[in-house]
Structures are given as C-alpha cells and as structure tokens.
Amino acid sequence: MSRNADDLTTLIRSRAGAEPVRAGLILGSGLGHLAGAVDGVAIPYADLPGFPHAAVSGHNPNLVIGTLEGTRVAVFGAREHYYERGNPAAMRTALETLKALGADHLIATNAAGSLRPDIRPGDLMLLSDHINFSGLNPLIGEPTDARFVPMGDAHDPAIRAALQAAAQAQDIPLPQGVYAWYSGPSFETPAEIRAIRILGGDAVGMSTVPEVILARFLGLRVAAISTITNMAAGLSDEKISHEHTKAMAPLGAAKLERILRHYLRHLR
Ligand code: HPA
C-alpha cells in the first residue's frame, strides 16, 4: 500500500472512527444523493490529498464513511473520469485507501447509454463483463509484475449473484450485459455505437472500467451497475446530452438504492 493511502487512512480513521469498512460504493452521475443515506461522517475530497479532483456537475465530491443497512461502507460521492484530466489512474489513491480501510469489495455505479432494445432509459443493467473500447489502462507505468492482472472474472460472480438476488427480492429487473468504456467527453457517433454493438457491447459509458482494473489490481472484488439514461447515439430520436443524463439518472437511482440497501442488509 502506498504511503499516501496509509496517511489518508490514518486521517480518515481519526475523523470517522477506526472500525474497518466492509465495502466501497462509487456513485455515478445523478446518483450522488445516496451518500446522504449513510449514517456517518462526510469528508470532502479537498481534505484528502490524492483523491479525485471531481468537477463534473451532478457528482458529490465527498467520501462518506458510515453505516448503511448495518454494513460499514465507504461511499465515494464522485469519481474522476479519464476525460477530466487525461489520467486513467485518477481513482488509484482513492481505491488504495478503500483497501487500506479494510474493504474487501467495491460496487461501482454509473450512468450509461443502452444499445439493447430491451434495456430502456430508467432501467438498470448489471455488468457481466466489459470492453475497454478506449484502449487506455490505469496500470500503464506500474513497475511491478502485479500489473499483469487477470481479468477473467473481473466482475465477481458471487457479488453479481447477490445483487441479482437483491433485485429479485425487490421485484426490480436487473438484466446483465457488457459495458463498453468510451473515453468521452464527447458522446459516441452512431457509427461508433454500431461498432460497439458488433463487438458485443450492451451499454456504453465514460467510466467504471479503469476502476474495475484498479480494484482487481489491488485485490478488491468488484461488481458494477449501470443506470440507463438514454438509448445510445443513433438508436433513438432523443438528443443525448449531459443535462439529459442528469435528468434521467434519478429514474434508475431509486431502484438502485433499493437493490443496494437489500444487498447490504443481507451481506454476511
Ligand atoms: N454514452 C456515453 N456515456 C453515457 C451515455 C452515453 O450514451 N449516457 C450516459 N453516459
């Protein structure tokens, strides 16, 4: 663990208590309000050196440490995307700190566009796997052999099964699909969306994949859920925009919160 993560852990424990954290949650666009559901202490990213510079509207740049449904969690109210400063490893310190706080797994959430006619705006999608359509990698430059991370079961089968059970118990459809990471910040062209479809992508977004790679590198188990805010470019007449993403994310967010609460309540 890097020196910085150790120092950050000491700082965080001095404010939020030393009890180990069980799980981390990263909140995507329009989902930041979930941080408010946690009974705990909010620490602004600005107080945590190395934490993301998160300046995307619709995100809440605080780390909240506390209890949600009886489980000690660390909630990242915002992430830094590659497109903000060109750093695919922007979440590395935050995830190293999560690991140092004692977490054994991470659940990432995001807003995404759907390529599948049966997955519509307002629906959720559990990531069965992903495609790194950007070609970027947060581990480029990592000097140790640990950089050769196997990605066969990157999206943890047991956590996915538990999330699906939680969704079923809450009567919420949670189809699984493949998420393609596009660098952004411009949205995709219709031709790019057709290409991603041919390659096997079911949804497209500008985040999460670097975090999954980093989490696996750090030995954290991981799963991710997309809130579908729009049909991907060329698949509907609706104009795609960040405003639209922020306006649509709350549709899925309420369902996401019920699934996550159920999941955390039943975590053993
Ligand atoms: N493309 C990329 N990122 C997104 C989209 C999209 O259509 N919708 C929400 N985030």
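Side chains are part of it too, since the values below use all heavy atoms of this structure and drop only hydrogens, waters and symmetry mates. Counting from 1, the numbers follow the sequence of the chain as shown. Ligands are counted one by one from 1 in listed order, and the atoms in each one are counted from 1 as well.
- Judged by distance alone, the side chain of Asn62 and the main-chain N or O of Val64 form no donor-acceptor pair under 3.5 Å.
- A salt bridge links Lys246 and Glu243; the closest N-O separation between the charged side-chain nitrogens and carboxylate oxygens is under 4.0 Å.
- To the nearest 0.5 Å, atom CG of residue Leu34 and atom OG1 of residue Thr109 are 7.5 Å apart.
- In this structure Arg13 satisfies the salt bridge (Lys or Arg N to Asp or Glu O under 4.0 Å) test with no other residue, sequence neighbours excluded.
- Near ligand 1, residues Ala111, Ala112, Gly113, Phe187, Glu188, Val204, Gly205, Met206, Thr229, Asn230, Thr245 each place a heavy atom inside the 4.0 Å sphere around the ligand atoms.
- Trp181 and Tyr82 have perpendicular rings, their planes meeting at more than 60° on a 0 to 90° scale where under 30° would count as parallel.
- A donor-acceptor contact closer than 3.5 angstrom is absent between the side chains of Asp39 and Thr67.
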